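Notes to accompany the following structure.
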Amino acid sequence: MFMFLFLVLALAVVVAAVTLAVVGGGESATLPEAGPERFEDPLPQGRPVNRADVETLRFPVGVRGYRMSDVDDALGRLGAELAERDSRIAELEAALAAAHATTGPSPSTLHKPEEGEHQ
């Protein structure tokens with residue numbers, strides 16, 4: 001009978017020690033909550049996005065694939081920058097066309113060297 005009580009008590013001590021270790025008692029306290037993997041926007045904030053930024057862009061994978069909000073945010077940013085660049089290109093082309101219209105064609109556009117002709 002004494003041996004049986006000793007084994008039950010030893011088992012209870014082992015279970016308590018394992019429970020405290022798993023729950024976080026002792027030196028390390030409790031484990032911090034693991035937050036969900038979130039997208040940290042690697043696109044630069046201080047400058048326009050370039051090709052290398054887009055090529056290195058990677059999204060974290062969720063349970064059913066990529067998080068739609070992360071992809072939507074990145075695509076929205078890229079779309080806005082492309083629209084801004086297209087607008088700027090159109091402005092510059094219009095300014096160039098207006099400059100050519102007021103000054104006439106430049107001498108470099110009047111004479112194009114023929115094939116084999118040296119400048």
Side-chain angles (χ1 to χ4, degrees):
M1 178 79 172
F2 176 72
M3 187 62 143
F4 177 74
L5 290 176
F6 177 74
L7 288 175
V8 170
L9 183 62
L11 180 63
V13 169
V14 169
V15 169
V18 170
T19 303
L20 285 175
V22 169
V23 172
E27 297 175 19
S28 63
T30 60
L31 295 174
E33 285 289 322
E37 185 178 355
R38 295 298 307 154
F39 178 61
E40 292 182 23
D41 188 9
L43 297 175
Q45 298 298 326
R47 65 172 171 79
V49 176
N50 61 33
R51 181 182 179 144
D53 296 328
V54 175
E55 288 174 351
T56 59
L57 184 63
R58 299 290 179 262
F59 297 100
V61 179
V63 175
R64 296 183 343 185
Y66 298 115
R67 289 190 175 94
M68 288 181 3
S69 62
D70 293 341
V71 176
D72 289 346
D73 291 345
L75 289 176
R77 166 110 188 262
L78 292 172
E81 285 200 22
L82 287 173
E84 183 179 322
R85 287 180 188 174
D86 289 345
S87 174
R88 180 71 176 143
I89 289 170
E91 288 173 13
L92 293 172
E93 287 176 343
L96 182 62
H100 280 299
T102 58
T103 61
S106 67
S108 65
T109 59
L110 291 177
H111 177 70
K112 293 183 180 175
E114 297 294 324
E115 190 174 313
E117 183 181 340
H118 296 292
Q119 282 184 319

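The residues of the chain are indexed from 1 along the displayed sequence. All values reported here derive from a predicted model rather than from experimental measurement.
Taken from CZ in Phe2 to CG in Leu7, the straight-line distance is 10.0 Å, to the nearest 0.5 Å.
Counting non-hydrogen atoms of neighbouring residues, nucleotides and ligands closer than 6.0 angstrom, the CZ atom of Arg51 reaches no more than 12 such neighbours.
Using a 4.0 Å cut-off between charged side-chain N and carboxylate O, Asp53 and Arg77 make no salt bridge.
By the criterion of side-chain heavy atoms lying less than 4.5 angstrom apart, applied directly or through intervening Ile, Leu, Val, Met, Phe, Trp or Tyr residues, Leu75 is grouped together with Tyr66 in one hydrophobic cluster. The hydrophobic cluster containing Val15 does not contain Val8, counting ILVMFWY residues as joined when their side-chain heavy atoms lie under 4.5 angstrom apart, directly or transitively. In the hydrophobic clustering of ILVMFWY residues, with side-chain heavy atoms under 4.5 Å counting as a link, Val54 and Leu82 come out apart.
In this structure Glu84 satisfies the side-chain hydrogen bond (donor to acceptor under 3.5 Å, both in side chains) test with no other residue, sequence neighbours excluded.
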Got a list of side-chain donor-acceptor pairs under 3.5 Å for residues 85-93, not counting sequence neighbours?
from	atom 1	to	atom 2	distance (Å)
Arg85	NH1	Val49	O	3.4
Arg85	NH2	Val49	O	2.5

